[in-house]
Enquirer: 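For reference, the structure I am asking about is given below.
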Amino acid sequence: EAGVAQSPRYKIIEKRQSVAFWCNPISGHATLYWYQQILGQGPKLLIQFQNNGVVDDSQLPKDRFSAERLKGVDSTLKIQPAKLEDSAVYLCASSFRGLGNTIYFGEGSWLTVV
Amino acid sequence: QKEVEQNSGPLSVPEGAIASLNCTYSDRGSQSFFWYRQYSGKSPELIMSIYSNGDKEDGRFTAQLNKASQYVSLLIRDSQPSDSATYLCAASPSYYGNNRLAFGKGNQVVVIP
C-alpha cells in the first residue's frame, strides 16, 4: 500500500516569498491533516479535513497560511508571505476516517526561510 | 500552559535495560492517548495507543494511563539500539483520538550498546 506522498521534500525561500506544498493521502483515507513541526518541538496541527470540509483550523495562521482539499483527495498548503519563523517541517497525514483509525504521516516537506 | 508536556531531557539507557518516559496533559477532557516514535529526519509513527486507566502492553512496550493524575507513561523493556529515537506523547479530546491531536515536544532516547 502506498503511503502518504508529499512534495517538494525540501524548499529554501527568502522571507516574504510564497511556497506551496502538495499532499496525496493514502487511497481511501477520508481525513487529511497538515502539521507543522519546528525543530525540537512536537508536531502542531494546522488544519484537519474530513473529505472536502474543514474539521479544525483553529491553529492555522490564516493571514498567511491557506489550505485546500479539492475533491476530497489531494491537498495543498500555501504560505504567503513566508516569515523566518515558518522554517519547519510540514507533515501531511491521513487516516481512514476521523475516528478510531491510525494516523499515517508522510515524510514531510522541509522548509527553510532565509 | 502547553496541552501536553514532556519535560525530561535526553535519556541514555544501556542495551537491555528499561527506558521510562513520562508525559502529563492539561486538558481533563482528553480521552485518547498515544505514543509515537520519530527517528531523526523521519516522520512520526504510532507505537502505542491507550484509552482507559491502567496498563497496556504490546511486545516490549507498556503504556500506562492515570486520568486522575493526568499522566501517561511509556516503558520500553529490553531496550535495543534500534529504539534510539524521539518519543512523542499525544492526546486527543475525542474518544478514538483522531481529532485535534496535541503532541508534546518529545523525549530523546539513546540506547547504548
Side-chain angles (χ1 to χ4, degrees), chain A residues 1-7 9-10 21 23-26 29-51 53-60 88-112, chain B residues 1-10 21-27 29-52 58 63 72 74 85-109:
Chain A
E1 180 182 73
V4 177
Q6 292 188 244
S7 69
R9 288 295 316 279
Y10 305 94
F21 301 114
C23 173
N24 179 243
I26 293 172
H29 281 195
T31 308
L32 185 147
Y33 317 76
W34 283 101
Y35 283 86
Q36 178 194 57
Q37 187 172 23
I38 294 172
L39 187 64
Q41 298 183 18
K44 181 181 84 171
L45 179 66
L46 294 176
I47 190 166
Q48 178 178 335
F49 292 96
Q50 181 77 18
N51 297 309
V54 175
V55 172
D56 183 7
D57 64 356
S58 57
Q59 298 190 97
L60 185 74
V89 180
Y90 290 86
L91 295 163
C92 181
S94 69
S95 63
F96 183 58
R97 289 190 186 92
L99 303 180
N101 287 280
T102 300
I103 295 175
Y104 296 90
F105 285 87
E107 290 296 314
S109 292
W110 296 64
L111 174 65
T112 301
Chain B
Q1 181 184 17
K2 288 191 178 294
E3 290 187 51
V4 178
E5 299 233 27
Q6 296 178 258
N7 287 327
S8 53
L21 302 171
N22 303 314
C23 165
T24 58
Y25 60 94
S26 60
D27 182 0
S30 297
Q31 299 290 337
S32 314
F33 305 89
F34 306 86
W35 285 98
Y36 283 78
R37 177 176 61 201
Q38 187 172 28
Y39 292 114
S40 180
K42 299 295 185 182
S43 56
E45 58 178 330
L46 180 67
I47 55 171
M48 289 288 290
S49 59
I50 187 165
Y51 305 104
S52 54
D58 184 359
V72 191
L74 179 71
T86 295
Y87 290 81
L88 299 163
C89 177
S92 169
S94 69
Y95 186 78
Y96 292 106
N98 282 351
N99 289 330
R100 300 190 178 93
L101 196 61
F103 285 85
K105 68 177 183 180
N107 286 127
Q108 186 182 8
V109 172

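Keep in mind it's a predicted model, so treat the numbers as computed, not measured. Lettering of chains follows the sequences in order, A, B, ..., and the numbering in each one begins at 1.
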Enquirer: At a 4.5 Å cut-off on heavy atoms, which part of A:Q59 comes close to chain B: side chain, backbone, both, or neither?
Expert: neither
Enquirer: Over all heavy atoms of both residues, which pair between B:P44 and A:F105 is shortest? Give the atoms and the distance, please.
Expert: O-CD1, 3.4 Å
Enquirer: Quick one: what part of B:Q6 sits under 4.5 Å from any heavy atom of chain A, side chain, backbone, both or neither?
Expert: neither
Enquirer: Of the non-hydrogen atoms in B:L101 and A:L45, which two are nearest, and what is the gap between them?
Expert: O-CB, 4.3 Å
Enquirer: For a quick test of reading the model, state the closest non-hydrogen atom pair linking B:S43 to A:L91 and the distance between them.
Expert: CB-CD2, 4.1 Å
Enquirer: Verify side chain to side chain contact (heavy atoms under 4.5 Å, CB included) between B:Y36 and A:I103, making sure each step is shown before the conclusion.
Expert: CA-CA 10 Å; B:Y36 283 78; A:I103 295 175; 3.8 Å; yes
